[in-house]
Amino acid sequence: MPSFAARQAIVDKQQQVIAYELLFRDSMINVYPKVDAHTATQKLLHTALQSSQSKTFTQQKPAFINFTTETLQKGYPFKFDNRHIVVEILETEEPTQQLLSLCQELHQQGYEIALDDFINHQQWHAFFPYISIIKVDFRQTSTTEILQLIEHITNYPNIKLLAEKIENKQEFEHASRLGFEYFQGYFIDQPEVMKSRPHVMDEIGLELDLA
């Protein structure tokens, strides 16, 4: 039975692709299925990142993929080379001490961590030393809020800003002027669904234990 995933490009200021975000799909229909985040993460890992097709999915670029606290607890990121994945913390996760400890461990092991759809709450500031990328929904976040976030990360040169939901040239240029380094959205690229070859995964024996 085939498996599916979608990818969407992430680019720099020169619009050069630096990575792809991988998105769960359960068919060639390009919509997010009605499943919980934990199940989607597990199935996506099984489909793309644990197969020999992962490099094809991302054209040799790093893969951004969403993780829940539960999937982090199970150690799924450590199944992958730290050069091949960016651990993206879902916006629905709470900034708990447990999540902070998991991020510290990932950081110590050389993994890059991104915060998805970030809202600038004080509780997240303790995570800043361990974060590489903060993703901001450019259509839902005001310029004032963005400038406040930039001020708060001034002492953290390790953090780059990624503007999500960039849908036209004007938004791209405005985000670039504000200080964003990376960009994602329909102006750049629309998600593209890809189908895996199950027999390849079977042959190399890299299936995840999804129990």
Side-chain angles (χ1 to χ4, degrees), residues 6 8-13 18-24 32 34-41 44 62-73 76-77 85-107 111-168 170-189 191:
Q8 186 177 33
I10 295 169
V11 303
D12 60 16
K13 288 184 176 182
I18 58 97
Y20 286 91
E21 180 168 5
L22 295 182
L23 308 164
F24 176 62
Y32 184 82
K34 292 183 178 180
V35 298
D36 63 89
H38 178 67
T39 299
T41 294
L44 179 56
F64 280 63
I65 187 165
N66 287 323
F67 283 86
T68 60
T69 299
E70 186 176 354
T71 49
L72 292 178
Q73 282 180 292
Y76 286 172
I85 186 171
V86 176
V87 177
E88 191 168 332
I89 308 298
L90 273 170
E91 69 275 13
T92 53
E93 297 303 300
E94 296 293 330
T96 62
Q97 183 59 48
Q98 180 186 50
L99 181 58
L100 178 59
S101 296
L102 291 166
C103 288
Q104 289 170 331
E105 183 178 5
L106 286 164
H107 178 76
Y111 288 83
E112 288 194 304
I113 303 169
L115 296 179
D116 189 27
D117 284 347
F118 184 73
I119 297 176
N120 190 20
H121 291 155
Q122 182 69 35
Q123 298 97 312
W124 285 107
H125 291 191
F127 289 72
F128 285 176
Y130 315 106
I131 301 303
S132 297
I133 295 168
I134 290 178
K135 302 180 74 175
V136 176
D137 186 328
F138 200 71
R139 290 182 157 253
Q140 297 295 322
T141 310
S142 70
T143 297
T144 298
E145 291 171 323
I146 291 170
L147 292 174
Q148 288 173 345
L149 173 58
I150 290 172
E151 182 179 356
H152 286 140
I153 65 172
T154 298
N155 295 326
Y156 299 96
N158 49 296
I159 297 177
K160 307 290 186 185
L161 294 181
L162 188 160
E164 295 184 285
K165 309 289 179 64
I166 297 296
E167 297 191 4
N168 55 59
Q170 291 72 28
E171 290 177 345
F172 178 86
E173 292 176 345
H174 182 41
S176 182
R177 287 194 298 269
L178 284 173
F180 285 86
E181 296 284 343
Y182 305 130
F183 311 85
Q184 183 179 2
Y186 283 4
F187 173 67
I188 309 298
D189 182 36

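Values in this document were obtained by computation on a predicted structure and should not be read as measured data. Positions are given from 1 along the sequence.
- A donor-acceptor contact closer than 3.5 angstrom links the side chains of Q104 and Y130.
- Checked against ring-ring contact (aromatic ring centres under 6.0 Å, His included), Y156 has the following partners two or more places apart in sequence or in another chain: F128.
- Shown here is E151, whose CD atom has no more than 12 heavy atoms of other residues, nucleotides or ligands within 6.0 Å.
- Qualifying ring-ring contact (aromatic ring centres under 6.0 Å, His included) partners for Y182, counting only residues two or more places apart in sequence or in other chains: none.
- For the pair E94 and L99, the minimum side-chain heavy-atom distance is 4.5 Å or more.
- Taking a cutoff of 4.0 Å between a charged side-chain nitrogen and a carboxylate oxygen, K165 and E171 do not qualify as a salt bridge.
- With rounding to the nearest 0.5 Å, the separation of CG in L22 from CD1 in I85 is 8.5 Å.
- Side chains of W124 and I131 form no contact here, defined as non-hydrogen atoms less than 4.5 Å apart.
- The minimum heavy-atom distance between I113 and H107, with the atom names listed, is CD1-N, 4.3 Å.
- By the side-chain contact (heavy atoms from CB on, under 4.5 Å) test, E112 pairs with V86, S132, sequence neighbours left out.
- Looking only at distances, a side-chain donor or acceptor of Q8 sits under 3.5 Å from a matching main-chain atom of D189.
- You'll find the side chain of I119 stays beyond 4.5 Å of the side chain of E91, heavy atoms only.
- To the nearest 0.5 Å, atom CD1 of residue I133 and atom CG of residue N158 are 11.0 Å apart.
- L149 CG to T154 OG1: the interatomic distance, rounded to the nearest 0.5 Å, is 9.5 Å.
- Within the 4.5 Å cutoff, no side-chain heavy atoms of N120 are placed close to those of E145.
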> Yes or no on side chain to side chain contact (heavy atoms under 4.5 Å, CB included) for D12 and E181, after CA distance, side-chain angles and deciding distance?
Replying inline: CA-CA 6 Å; D12 60 16; E181 296 284 343; over 6 Å; no

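- Surrounding CG of L147 are more than 12 heavy atoms belonging to other residues, nucleotides or ligands, all under 6.0 Å away.
- Under the ring pair (Phe, Tyr, Trp, His ring centres under 6.0 Å) test applied with F172, the options F183, F180, F138 reduce to a single match, F183.
- In terms of modelled atom types and a separation under 3.5 Å, the side chain of E88 and the main chain of F64 share no donor-acceptor contact.
- Residues I10 and E21 come closest through the heavy atom pair CD1-N, 4.2 Å.
- Residues L72 and L106 form a side-chain contact, since some pair of their non-hydrogen atoms from C-beta on lies under 4.5 Å apart.
- From I134, atom CD1 reaches atom CD1 of I89 across 12.0 Å, with rounding to the nearest 0.5 Å.
- We find the CG-CD distance between L102 and Q97 to be 10.0 Å, quoted to the nearest 0.5 Å.
- In this structure, NE2 in H125 is found 8.5 Å from CD in Q123, a value given to the nearest 0.5 Å.
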